[in-house]
Enquirer: 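Mind looking over this structure? Questions follow.
Note that these values count all heavy atoms, side chains included, but never hydrogens, waters or copies made by symmetry.
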Amino acid sequence: MPINKNHLFEDLDGVKCAVVETMATQSRVDFLKPLLEYNGYTVIVVPSPAPKVVAKPVAAPAEGEMPVAPPAPEPPSTFTIGVTNVMFNATNAIFGRFLTAPGGHVVTLAYWHQKDSVPHDDVPYYESKNQTSSFG
């Protein structure tokens, strides 16, 4: 049972895992799986269950016509990513600076969310030299 909603556990392929991300796209899996494996984690990826969709009402057919149901939209394929180390918490790993990218740089939040293509911030914000203070 999770302590809070940020530290979820789930059985993925019969193995108890800490959930890294749910409803992840294939491109997200292609990014996170090598990154986590580089950091020594065993990664398990399983397809996410399809979201439940409520059927829209179909217009009544005219007399003598057969009712035609609209084609059901195909749900996007999404995945649940987990690691077998149940102590793993993505938030703690990123802000605690525990993950490194293959170039040896520390994984930043922007890199984790794929907003930066290269993790370049090796200095924590509280050690930054260009920081201004309001305390004089």
Enquirer: Side chains of Thr80 and Thr22 only: does a donor on one sit below 3.5 Å from an acceptor on the other?
Expert: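 On atom types as modelled, these side chains do not qualify, holding no pair under 3.5 Å.
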
Enquirer: According to a hydrophobic-cluster definition based on side-chain heavy atoms being under 4.5 Å apart (Ile, Leu, Val, Met, Phe, Trp, Tyr only), do Phe79 and Val19 belong together?
Expert: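 As far as the 4.5 Å side-chain criterion goes, Val19 and Phe79 are not connected within one cluster.
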
Enquirer: Which side chain to side chain donor-acceptor pair (under 3.5 Å) pairs, counting each pair once, include a residue from residues 36-47, with sequence neighbours left out?
Expert: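 Applying side chain to side chain donor-acceptor pair (under 3.5 Å) to every pair that reaches into residues 36-47, excluding sequence neighbours, yields Asn39-Thr100.
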
Enquirer: If hydrophobic clusters are built by linking Ile, Leu, Val, Met, Phe, Trp and Tyr wherever their side-chain heavy atoms come under 4.5 Å apart, do Phe31 and Leu36 end up in the same one?
Expert: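 Shared cluster, yes.
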
Enquirer: For Leu99 and Phe88, work out which heavy atoms get closest and say how close.
Expert: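 Nearest heavy atoms, Leu99 then Phe88: CD2-CE1, 4.3 Å.
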
Enquirer: Shortest non-hydrogen contact from Ser48 to Met23?
Expert: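 So the minimum-distance heavy-atom pair works out to OG-N, 3.6 Å.
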
Enquirer: Is Phe95 reachable from Leu32 through a run of I, L, V, M, F, W or Y residues, each pair having side-chain heavy atoms under 4.5 Å apart?
Expert: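 Yes, Leu32 and Phe95 fall within the same hydrophobic cluster.
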
Enquirer: Considering all heavy atoms of both residues, which atom of Lys33 and which atom of Val45 are nearest to each other, and what is their separation?
Expert: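 Heavy-atom minimum between the residues: CD-CG2, 4.3 Å.
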
Enquirer: To the nearest 0.5 Å, what is the distance between CD on Glu10 and CD1 on Ile44?
Expert: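 Here the rounded value is 11.0 Å.
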
Enquirer: Return each pair, listed once, that meets salt bridge (Lys or Arg N to Asp or Glu O under 4.0 Å) where at least one residue sits in residues 20-29; pairs must be two or more places apart or across chains.
Expert: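 Counting only pairs at least two positions apart or across chains, the salt bridge (Lys or Arg N to Asp or Glu O under 4.0 Å) contacts touching residues 20-29 are Glu21-Arg28.
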
Enquirer: Indicate, with yes or no, if Val83 and Leu8 share a hydrophobic cluster defined by side-chain heavy-atom contacts under 4.5 Å among Ile, Leu, Val, Met, Phe, Trp and Tyr.
Expert: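 Different clusters: Leu8 never reaches Val83 through Ile, Leu, Val, Met, Phe, Trp or Tyr contacts under 4.5 Å.
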
Enquirer: If we only count heavy atoms from C-beta on, is the Phe98 to Val107 side-chain gap below 4.5 Å?
Expert: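 SC-SC contact between Phe98 and Val107 ruled out.
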
Enquirer: What residue among Val29, Ile81, Thr84 forms side-chain contact (heavy atoms from CB on, under 4.5 Å) with Val43?
Expert: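 Testing Val43 for a side-chain contact (heavy atoms from CB on, under 4.5 Å) against Val29, Ile81, Thr84 leaves exactly one candidate, Ile81.
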
